[in-house]
Amino acid sequence: MNRLSIEGGTRLDGQIRISGAKNATLPILAAALLADSPLTVGNVPHLHDVTTTVTLLRRMGVEVTVGERMQLEIDPGTLKECIAPYDLVRTMRASILVLGPLLAHFGEADVSLPGGCAIGSRPVDLHLQGLRAMGADIVVDNGYIQARCGRLRGAQILMSPVSVTGTENLMMAATLAEGETTIENAAREPEVVDLAKCLNQMGAKIEGAGSDLIRITGVKRLGGTHYDVLPDRIETGTYLVAGALTGGHVRLKQTRADMVQSIIEKLQEAGAEITSDQDWIELDMKGRRPLAVSVHTAPYPEFPTDMQAQFTALNAIAKGAGVVTETVFENRFMHVQELARMGADLQLEGNTVFTRGVAGLKGAPVMATDLRASASLVLAGLVAEGETLVDRIYHIDRGYECIEEKLSQLGAHIRRIPA
Ligand code: EPZ
């Protein structure tokens with residue numbers, strides 16, 4: 001398997017461009033299934049999860065044309081079967097996002113259950129409950145969700161707990177349902193807002209996206225459009241942390257500060273000087289070692305669970321004692337043991353990691369287990385003495401476009417070692 005080799009000790013300094021958001025791209029590609037004409041999507045990041053989604057759409061018979069700069073045109077007019085098979089869904093849980101659109105537009109869908117993953121059991125009960133409330137007949141058998149319906153009916157849906165893809169799936173299904181649907185305790189993530197903007201451009205009638213109450217008035221049909229996805233806020237946060245924990249100075253272009261306010265506040269607490277404008281953010285540590293911080297993950301706009309592992313790496317080398325509490329997923333600490341092997345002083349108690357910052361980490365061979373845990377190991381490798389070898393980096397390639405090129409541009413000594 002491909003590995004990343006990182007020679008630690010360099011203060012990052014420079015600027016990079018942030019890619020389009022993975023977690024906006026995936027639902028927007030699925031939304032193409034709702035339309036009667038082609039949807040074109042721009043600012044698409046070249047990631048493994050995007051490739052998997054394109055493969056899934058093509059497997060259904062949908063024509064996907066890749067243009068220059070990864071612009072994708074999706075034409076649902078050639079769809080042949082409404083099936084999302086296990087061999088693809090097991091590699092990417094977000095495949096569940098085709099369920100709502102297929103049901104709403106074609107009245108049928110056979111989607112493999114995603115199964116769990118390294119960070120938790122990841123059930124989809126809220127997706128199924130919501131679709132049943134809208135009139136779908138759903139049987140779960142042989143590891144597949146077998147769903148059938150006539151035209152879906154609007155319903156009042158309460159999400160508990162908050163679910164990002166649950167909100168997105170049901171919002172998409174509701175766009176073509178008869179009558180009005182409300183989603184209470186809806187996810188407020190910027191990616192949900194981006195999806196709603198794209199759907200409204202396709203002719204949907206969605207109000208309230210970004211708040212915890214979304215109202216959708218069903219329409220008869222949706223048409224194609226052109227939509228550019230928003231910048232990736234988790235990639236943005238990850239490179240800000242890379243600058244902070246190396247005591248460096250980084251400038252991130254084509255991103256937005258409004259989406260990462262909770263991350264910026266924590267980095268300022270860690271001693272970073274941060275400035276920003278319309279489409280860039282700059283972080284400067286002025287060579288200082290960061291101060292440890294306490295973070296508590298929760299649904300947007302609170303501190304994102306997808307940044308928890310990266311801040312655990314920051315706390316590992318920061319001055320003082322840090323506390324990181326994970327409240328969204330039940331097992332998102334696979335990076336803790338690996339960081340300990342690099343010399344971090346951390347104590348995992350229930351859903352909280354207590355750290356005592358050490359002045360330096362030691363490079364070591366470590367193993368990636370999930371997307372954001374892998375990112376935290378790369379970050380640790382940037383400051384560790386000697387070489388860090390991160391194995392199983394296919395996890396990283398799912399969510400970070402050109403990670404070694406972008407880090408090298410910032411001055412890191414990092415290279416990919418083919419298997
Ligand atoms: C989305 O996953 C993101 N993925 C995740 O990003 C992110 O970590 C997560 O939201 C939380 O922000 C995409 O958008 C493709 P949830 P999702 O449904 O929608 C429970 C990354 O690193 N739940 O919001 O699958 C669930 O167990 C990935 O880019 C139910 O109980 O997460 C969890 O505890 C990782 N029943 C909580 O809700 C359901 O039907 C939040 O999960 C659905 C979820």
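Order of listing sets the numbers, starting from 1, for every ligand and every atom in it.
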*Asks:* Hey, does Leu126 come in under 3.5 Å of ligand 1, counting only N/O atoms on both sides?
*Replies:* yes

*Asks:* For atom 25 (O) of ligand 1, what is the closest protein heavy atom, and at what distance to 0.1 Å?
*Replies:* Arg122 NH2, 3.0 Å

*Asks:* Quick check on contacts: which atoms of ligand 1 are under 4.0 angstrom from a heavy atom of Arg332?
*Replies:* 8 (O), 22 (O), 35 (C)

*Asks:* Is Arg148 salt-bridged to Asp137, going by a charged N under 4.0 Å from an acidic O?
*Replies:* no

*Asks:* If you take the nearest heavy atom of each of Asp125, Ile119, Val162, which one is closest to atom 41 (C) of ligand 1?
*Replies:* Val162

*Asks:* Nearest to atom 32 (O) of ligand 1, what protein heavy atom do you find, and at what distance?
*Replies:* Phe329 CZ, 3.9 Å

*Asks:* Can you confirm, on distance only, whether ligand 1 has an N/O atom lying under 3.5 Å from any N/O atom belonging to Glu330?
*Replies:* no

*Asks:* Counting only nitrogen or oxygen atoms and a 3.5 angstrom limit, does Thr305 reach ligand 1?
*Replies:* no

*Asks:* Could you tell me which atoms of ligand 1, counted from 1 in the order shown, lie closer than 4.0 angstrom to a heavy atom of Asp306?
*Replies:* 5 (C), 6 (O), 7 (C), 8 (O), 21 (C), 22 (O), 28 (C), 29 (O), 35 (C)

*Asks:* Kindly check if the number of other-residue, nucleotide or ligand heavy atoms within 6.0 Å of CD (Gln146) is above 12?
*Replies:* yes

*Asks:* Looking at Tyr86, I want to see if its OH is surrounded by more than 12 non-hydrogen atoms of other residues, nucleotides or ligands under 6.0 Å.
*Replies:* no

*Asks:* Report the nearest protein non-hydrogen atom to atom 19 (O) of ligand 1: residue, atom name, distance rounded to 0.1 Å.
*Replies:* Thr165 OG1, 2.6 Å

*Asks:* By number and element, which atoms of ligand 1 are closer than 4.0 Å to a non-hydrogen atom of Arg372?
*Replies:* 21 (C), 22 (O), 29 (O)

*Asks:* Please determine if Leu26 has a nitrogen or oxygen closer than 3.5 Å to a nitrogen or oxygen of ligand 1.
*Replies:* no

*Asks:* Could you tell me whether Ser163 and ligand 1 have an N or O pair separated by under 3.5 Å?
*Replies:* yes

*Asks:* Using side chain to side chain contact (heavy atoms under 4.5 Å, CB included) as the criterion, point out the one residue from Leu283, Leu407, Leu245 that pairs with Leu12.
*Replies:* Leu407

*Asks:* Just one of Arg372, Arg17, Lys406 clears the salt bridge (Lys or Arg N to Asp or Glu O under 4.0 Å) bar with Glu235, so which one?
*Replies:* Lys406

*Asks:* Would you mind checking if Arg416 and Asp397 are paired as a salt bridge, meaning a charged N to carboxylate O distance below 4.0 Å?
*Replies:* yes

*Asks:* Judged by modelled atom types alone, do Asp36 and His105 share a side-chain donor-acceptor pair under 3.5 Å?
*Replies:* yes

*Asks:* So which protein heavy atom does atom 15 (C) of ligand 1 come closest to, and at what separation?
*Replies:* Asn23 OD1, 3.4 Å

*Asks:* Suppose we measure from atom 24 (O) of ligand 1 to each protein heavy atom; which comes out shortest, and what is that distance?
*Replies:* Val164 N, 2.8 Å

*Asks:* With a cut-off of 4.0 Å, which atoms of ligand 1 are near a heavy atom of His127?
*Replies:* 40 (O)

*Asks:* Going by the atom numbers of ligand 1, which of them fall below 4.0 Å from some non-hydrogen atom of Lys22?
*Replies:* 21 (C), 29 (O)

*Asks:* Using a cut-off of 6.0 Å, state whether more than 12 heavy atoms not belonging to Arg341 lie near its atom CZ.
*Replies:* yes

*Asks:* Counting only heavy atoms, tell me which of Pro123, Gly166, Gly130 gets closest to atom 44 (C) of ligand 1.
*Replies:* Pro123

*Asks:* My understanding is that only one of Thr91, Val111, Val62, Val98 makes a side chain to side chain contact (heavy atoms under 4.5 Å, CB included) with Leu56; could you say which?
*Replies:* Val98

*Asks:* Would you mind running through ligand 1 and noting each atom that sits below 4.0 Å from a heavy atom of Arg93?
*Replies:* 25 (O)

*Asks:* Using 0.5 Å steps for rounding, measure from the CG atom of Leu170 to the OG1 atom of Thr165.
*Replies:* 9.5 Å

*Asks:* With a cut-off of 4.0 Å, which atoms of ligand 1 are near a heavy atom of Val328?
*Replies:* 33 (C), 34 (O), 41 (C)

*Asks:* Should the heavy atoms of other residues, nucleotides or ligands under 6.0 Å from CD of Glu405 be counted, would the total exceed 12?
*Replies:* yes

*Asks:* Less than 4.0 Å between a side-chain N and a carboxylate O, is that true for Glu326 and Arg332?
*Replies:* no

*Asks:* Which residue supplies the protein heavy atom nearest to atom 20 (C) of ligand 1, what is that atom called, and how far is it?
*Replies:* Pro161 CG, 3.8 Å

